[in-house]
Amino acid sequence: MRPLQALWQIVTHVDRSKINAAQALRNTFGVVAPLIVGQWLGMPRGGLAMASGALNVSYSDGSDPYAKRAKRMLASTMWCSVAVLLGGLTAHSNVVSVAVATAWAFIAGMLVAVGTTAADVGVISTVVLVIYSAQPLSPWRALQAAGLALCGGLLQILLSVALWPVQRYEPERRALAKLYLELARIGTQQAEAASAPLGTKEILQAHDALSNLATDTSLAALRYRSLLSQGERIRLSLVTLARLLHRLTRENAFDPAIAVLDKYRENVAYLLRAIAESLSTGKEPGLEADRLVLGVALAQKLQPEPDAAAQTFSSAVLRDMKFQVDALGGQLRAAMELAKNATPQGQEAFEKHEALQPLWLRFTGRIATLRANLNFGSVVFRHAIRLTICIAVGDALGRVLHPYRAYWIPMTIVLVLKPEFAVTFSRGVLRIVGTLLGLSLATALFHFLPTHTATEIALIAVFMFLVRWIGPANYGVFGVAISALVVLLVAITGVGPKEVIQARAINTVVGGAFALLTYAAWPSWERNRLPELFGGLLAAYRKSFAAICQALLIPGAESIRERERTRQAGRTARSNLETSVQRLSAEPGITADQIAQVNAMLASSHRFAHAMMALEAGIPQTPNQAPRGEFREFAAAADRTLELLLAKILGNRVAERDFPDLRESYSRLASSGDPQLARYALTNVEADRMTNSLNTLREQVFAWMRQSR
């Protein structure tokens, strides 16, 4: 029943976050314009080649910043153009064609590790390769076809960066800005025990707005989910501080700590308003560093006297206040950093900083990620092997059954075979059914509508718009529209639609059935593997953290090879977990709330990974400085936290009281040493990020485990 439920979900579900009419319009124009020009110049095949290039590149279009979008689309253009060239040149030999397609399929399968966009580029370029490998071209004609495809892709890029600017994540930013404005108001409110918790409405609205990002694994989406998570923790700290202030005022209205805390809360409200304004305007927060320093200074004034720490009611309340203030300070620093990096300027600065790092230290390094996944422990690698074998067999089978339409079978395999079981099964059935419906629709259109080039181009525009508008959000619509679109594109060159329809129907059924049978022999359900994969990630991060700490605590004695090994293991574990989360979202019975909860945990783990890599990047700068004992204590507390989180995720009995006080260990670290020394300053900053991320992750893990029971 599960596969049938998944099929029904995909048929009926429309992911509104993937619907973008402006993007669909520009992609449609990019495909139709070359067809019109080709017909006008009397070169229909040339127009088709250029339109094909635009169609392929349209899948890498988006609504992110122009520079980043253009680079991605340019890379896609080059990939598809090379695929056209190789396909045309190798089509003269079946053996060479199958060998090249097999190697290309392996690369396409490995691109899943880099991200969904790269995976889509791999799929589309493989489709282009197998199509062109079925029609032998002379070297000059192959070069011409590749050049026309390149021109089509460049046209699509020009349309993307020049027209219809789109503000992506705008609803999410508005909802988060509203939440942080409400948090600023809560920051100066008095405690009201009889009233409902403040900010509940805004948090629910933010959760609803960010539910569209459940399957988005980009860094931008992770930042917004982290901002929501920090907002929830900030609200809890603010409410707790208000209650403690109420208790202290009731006991001693003249306690000097009351004025200090009032000033501290006003400062917190100022910072929260700055975060909200940054989210609303897209501009970096202003001179907020001074406010953060002020908050630290005020927090120090709340320290109770040592000799009176255990003697009075006020001293006990002050200890609780100090704990909450320290935690709130870490949460605010994390939220400020996230808000800054979520702005266009912050994203650009982050990418520049990443580019300055060695390839092996880049969190988003594609080469390092691919290298880390080249082993049988990687889900991506196993998918690449499976896709490679299927393409080799399917391409060879297609050439035996239909020498002139050999590409239908391997093309269907590429489009159906995915890393996830539920999506492969659901898309396989939808692909077959959608193709038959699309072919039937195309047949009806050719029968009832007047046969004219203008009519065909108009229909191509309609189906192209549906493919790029509704297609990304509903695969059933995509299957019908893309089938009719392909028939029309081929027919515009003069090939009889009846021949195309028959060949495609037979080979689509064969290719889809072959992909489904192959995957049925190797199924897996991600919900059962998620704790193991998350535990593997934490175990890998713990080993990597230990190797980094050894380099910091024992200068000159660290093993660079060990740090490299543990870092690669962390990348593999992270890639496996990210792809598993993507597959999990397609499984039947999984709710959006469950996906959001897992993604929030993943975002917290990413923040810890960033902090580790920043620490490691600072190791070569100061190799001879003596370590601090406080850092040794902090490292031990962080390691113990990771150990207990791992045990909890794997199902062992672990209570929250078993965890060390990581915030207290950080406070002792921050107050020790000379803050002017670069290494100590770096250690303080990254230890703060680690503290916040691990404390957040601890809360998320316990909530997740309670829900999983």
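Heads up: numbering here begins at 1 and tracks the sequence.
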(request) Work out which heavy atom in Tyr224 is nearest to a heavy atom in Arg173; give both atom names and the distance. (result) OH-NH1, 2.7 Å
(message) Restricting to side-chain contact (heavy atoms from CB on, under 4.5 Å), what partner residues turn up for Trp140, sequence neighbours left out?
(response) Ser138, Leu143, Gln144
(message) Please give me the minimum heavy-atom distance between Ala54 and Gly30, naming the atom from each residue.
(response) CB-O, 3.3 Å
(request) Compare every heavy atom of Ser97 with every heavy atom of Arg399, then report the nearest pair and how far apart it is. (result) NH2-CB, 3.1 Å
(request) Rounded to the nearest 0.5 Å, what's the gap from CG on Asn56 to OG on Ser52? Could you check? (result) 6.5 Å
(message) I'd like to know if the side chain of Asp395 reaches the main chain of Ile391, judged simply by a donor and an acceptor atom lying under 3.5 Å from each other, with no hydrogens or angles considered.
(response) no
(request) Could you pull out all residues at least two apart from Leu89 that satisfy side-chain contact (heavy atoms from CB on, under 4.5 Å)? (result) Leu85, Pro139, Ala142
(request) Flag the pair Phe514 / Leu397 as yes when at least one side-chain heavy-atom distance between them is below 4.5 Å, and no otherwise. (result) no
Taking distance alone, no hydrogens or angles, what donor-acceptor pairs closer than 3.5 Å link side-chain atoms of residues 123-131 to residues at least two apart or in another chain?
from	atom 1	to	atom 2	distance (Å)
Ser125	OG	Trp104	NE1	3.0
Ser125	OG	Val121	O	2.9
Ser125	OG	Gly122	O	3.0
Thr126	OG1	Gly122	O	2.6

(request) Decide yes or no for Arg574 and His606: does some side-chain heavy atom of the first lie under 4.5 Å from some side-chain heavy atom of the second? (result) yes
(message) Counting C-beta onward and ignoring hydrogens, is there a side-chain heavy-atom pair between Gln156 and Pro34 closer than 4.5 Å?
(response) no
(message) Looking at every heavy atom in both Pro410 and Gly394, which two are closest together, and how far apart are they?
(response) CD-O, 3.9 Å
(message) So which atom in Asn27 and which in Met464 form the shortest heavy-atom distance, rounded to 0.1 Å?
(response) O-CE, 3.9 Å
(request) Quick one: pull up CG in Leu48 and CE in Met43 and give me the separation to the nearest 0.5 Å. (result) 12.0 Å
(message) Rounded at 0.5 Å granularity, tell me how far CH2 in Trp469 sits from CG in Leu25.
(response) 9.5 Å
(message) So, taking the atom named CG in Leu517 and the one named SG in Cys390, what distance separates them when rounded to the nearest 0.5 Å?
(response) 10.0 Å
(message) With a 4.5 Å cut-off on side-chain heavy atoms, are Leu159 and Phe29 touching?
(response) yes
(message) As an exercise, state the distance from OG1 of Thr90 to NE2 of His92, rounded to the nearest 0.5 Å.
(response) 8.5 Å
(request) Nearest 0.5 Å please: distance from the CD atom of Glu172 over to the CZ atom of Arg223. (result) 14.5 Å
(message) Less than 4.5 Å apart, side chain to side chain, heavy atoms only: is that true for Leu74 and Leu154?
(response) yes
(message) A side-chain contact here means heavy atoms from C-beta on lying under 4.5 Å apart; do Phe106 and Leu387 qualify?
(response) no
(request) Could you tell me which non-hydrogen atom of Ile107 sits nearest to which non-hydrogen atom of Trp79, and how far apart they are? (result) CG2-CH2, 3.6 Å
(request) Tell me, please, which residues at least two apart from Val467 pass side-chain contact (heavy atoms from CB on, under 4.5 Å). (result) Tyr59, Phe478, Ala481, Ile482, Leu485
(message) Just to verify, what does Ser81 make a side-chain contact (heavy atoms from CB on, under 4.5 Å) with, not counting sequence neighbours?
(response) Thr77, Ala149, Leu150
